[in-house]
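A short write-up of the structure that comes next.
Sequential numbering from 1 along the given sequence is applied to the chain's residues. No hydrogens, no waters, no symmetry mates; every other heavy atom, side chains included, goes into these values.
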Amino acid sequence: MAVLRQEVEPGEAGLDRDALDRLDRHLARQVGEGRLPGFLVAVARGGRVAHLTAHGHRDVAAALPVEPDTLWRIYSMTKPVTSVAALMLVEEGRLALDDPVERYLPCFAAPRVYTGGTGPDVATRPASGPILVRHLMTHTAGLTFGFYHAHPVDALYRAAGLESSVRPGADLAETVELYASLPLQFEPGTQWNYSVATNVLGRLVEVVSGQPLDVFCAERIFGPLGMTDTGFHVTDERAGRLAELYGETEDGGIEPVPGLPLRGRPRFLSGSGGLVASAYDWHRFMEMLRRRGELDGVRLLRAGTVDLMTRNHLPGGADLRAFGSRPAHDQPGNDGVGFGLGVSVVTDPARTQAPSALGTYGWSGVATTTFWVDPGRDLTVQFMTQVRPKSSHTVYRDLRRLVHEAVTG
């Protein structure tokens, strides 16, 4: 088992130790106030970990501390992994970004778009064009989430048993068929709406590759990168390292809540949010991206493909605020932030809610995990905890600000 370790002193990597100490104290206060159970934060420069702090508990009731080898449900941070899987198939010529999804998933052959009404009185019309593979990767397909409670199509997802993105007992293929039977919120390619699209992308990977999503990822991504603790379930020998999942209470505290069913291989392999990973493994994945597709002699993607993945793909260079139908549920803000192929991309640092460098990309998970890669400053950052907040959490914004203050060279 490989464990993430600090490799150099902050000063050697152009980082201010005092600023990083302020970051640790700020996060530790949130643990002391009962807002976080514990956390792990790691900052690397040029591939070398220059700051690593594990603080608090992975299980409060059992008094088990956060350790560098703790396992975390990364939820929506699964999406960049599924996107990498799809891009590998694109490079092999087995898939193209402008392919109609219906070519591989016939259930999407006749998409219909919402035009009005609610419930059984919803009116639709045929979509003017097909859903393309790139629409899935950029969340512009017209799909949605049932838990948004913001649009009549969201309500149709809930009525179909999709409040949590999967109907209980269904597998990925069955779930995607159900998505396809529901109306789209808008014409494909005309808006951005964070959605179940990456589950559809995961099913696409299965159909094109001929392998279940977990097998493809294990054989083609996790194995080659040495990500031995990452997967869609946790083995018995690793179960004790898994952090407890908490939810935010009305008074701002936390309490244990049910999480992903991780003991044993799940029937539903969620390309949107099904993975568990360690900090070491996630560092490896970030490094592969920072190095533009290669790590330790293993190349998953060509450099140009990673460049394409991490470029804003919203029409006209729009940001998520201008092109989106609603803010992302697990992002701190959408001003000055565009979207690539599975990751957010900073397009205008002056307009973001927290200091960010142009071209910085990454994503977050609903249990308050986040990562980003800053190519211009050769910087990678990950933050792990396990709290599902009731409202927008300030930890992302604070983390970005305090890390930004630490960069000196």
Over all heavy atoms of both residues, which pair between [X] and [Y] is shortest? Give the atoms and the distance, please.
{"X": "Phe186", "Y": "Thr140", "value": "CE1-O, 3.8 Å"}
{"X": "Ala13", "Y": "Ala50", "value": "CB-CB, 3.7 Å"}
{"X": "Pro188", "Y": "Ile131", "value": "CG-CG1, 3.8 Å"}
{"X": "Met137", "Y": "Leu97", "value": "SD-CD2, 3.7 Å"}
{"X": "Pro152", "Y": "Thr118", "value": "CG-CG2, 4.1 Å"}
{"X": "Arg400", "Y": "Ser356", "value": "NH1-OG, 3.8 Å"}

Nearest-0.5 Å distance that lies between atom [atom1] in [X] and atom [atom2] in [Y]:
{"X": "Leu184", "Y": "Tyr114", "atom1": "CG", "atom2": "OH", "answer": "13.5 Å"}
{"X": "Asp374", "Y": "Leu379", "atom1": "CG", "atom2": "CG", "answer": "5.5 Å"}
{"X": "Glu287", "Y": "Glu294", "atom1": "CD", "atom2": "CD", "answer": "10.0 Å"}
{"X": "Gln353", "Y": "Thr394", "atom1": "CD", "atom2": "OG1", "answer": "11.0 Å"}
{"X": "Arg284", "Y": "Ser278", "atom1": "CZ", "atom2": "OG", "answer": "11.0 Å"}
{"X": "Leu289", "Y": "Leu300", "atom1": "CG", "atom2": "CG", "answer": "9.0 Å"}

Exercise for the section: Apply the side-chain hydrogen bond (donor to acceptor under 3.5 Å, both in side chains) test between Asp378 and each candidate in Arg290, Arg48, Arg45; give the one that qualifies. Expected result: Arg290

Exercise for the section: Before giving the answer on side chain to side chain contact (heavy atoms under 4.5 Å, CB included), spell out for Lys390 and Glu250 the whole-Å C-alpha distance, their side-chain angles and the decisive distance to 0.1 Å. Expected result: CA-CA 8 Å; Lys390 286 186 173 295; Glu250 294 295 341; 3.5 Å; yes

Practice task
Just do the side chain to side chain donor-acceptor pair (under 3.5 Å) check on Asn193 and Ser195 with the steps written out, would you?
Solution key: CA-CA 6 Å; Asn193 187 48; Ser195 71; 5.6 Å; no

Problem - Proximity of Tyr194 and Phe145 rings by center, below 6.0 Å - result: yes

Practice task
Go through the structure and list residues passing ring pair (Phe, Tyr, Trp, His ring centres under 6.0 Å) with Tyr75, not counting sequence neighbours.
Solution key: none

Exercise for the section: Measure the acute angle between the ring planes of Phe383 and Phe39, then classify it against the limits of 30° and 60° as parallel, tilted or perpendicular. Expected result: parallel

Practice task
Give a yes or no on whether a salt bridge exists between Glu177 and Arg203, defined as a side-chain N under 4.0 angstrom from a carboxylate O.
Solution key: no

Handout entry: Pair Glu92 + Arg220: basic N to acidic O under 4.0 Å
Key = yes

Practice task
Under the side chain to side chain contact (heavy atoms under 4.5 Å, CB included) rule, what do His139 and Lys79 come out as? Steps first, then yes or no, please.
Solution key: CA-CA 11 Å; His139 292 284; Lys79 292 177 172 68; 4.0 Å; yes

Exercise for the section: Kindly indicate, with the supporting measurements, whether the criterion side chain to side chain contact (heavy atoms under 4.5 Å, CB included) is fulfilled by Leu201 and Ser83. Expected result: CA-CA 8 Å; Leu201 188 68; Ser83 299; 4.1 Å; yes

Within-4.5 Å side-chain heavy-atom neighbours: [X] and [Y]:
{"X": "Thr70", "Y": "Gln386", "answer": "no"}
{"X": "Arg5", "Y": "Pro68", "answer": "no"}
{"X": "Met384", "Y": "Val66", "answer": "no"}
{"X": "Thr360", "Y": "Val345", "answer": "no"}

Could I get the full list of salt bridge (Lys or Arg N to Asp or Glu O under 4.0 Å) partners for [X], not counting sequence neighbours?
{"X": "Arg167", "value": "none"}
{"X": "Glu187", "value": "Arg125"}
{"X": "Glu219", "value": "none"}

Exercise for the section: Starting from the C-alpha separation in whole Å, work towards a yes-or-no answer on side chain to side chain contact (heavy atoms under 4.5 Å, CB included) for Asp154 and Tyr157. Expected result: CA-CA 5 Å; Asp154 304 344; Tyr157 274 56; 5.7 Å; no

Practice task
Would you list the pairs meeting salt bridge (Lys or Arg N to Asp or Glu O under 4.0 Å) in which at least one residue belongs to residues 341-362, sequence neighbours left out?
Solution key: Asp319-Arg351, Asp335-Arg351

Problem - Option passing side-chain contact (heavy atoms from CB on, under 4.5 Å) with Arg58 (candidates Leu64, Leu242, Thr385) - result: Leu64

Exercise for the section: Any pair with a residue in residues 59-68 that passes side-chain hydrogen bond (donor to acceptor under 3.5 Å, both in side chains), sequence neighbours left out, goes on the list, sorted by first then second residue, please. Expected result: none

Problem - Option among Trp282, Phe339, Phe371 that satisfies the ring pair (Phe, Tyr, Trp, His ring centres under 6.0 Å) test with Trp363 - result: Phe339

Exercise for the section: For Gln30 and His26, test the side chains for any donor-to-acceptor distance below 3.5 angstrom and give the result as yes or no. Expected result: yes

Exercise for the section: Would you sort out whether Asp24 and His51 count as a side chain to side chain donor-acceptor pair (under 3.5 Å), showing the intermediate values? Expected result: CA-CA 10 Å; Asp24 287 347; His51 181 72; 3.0 Å; yes

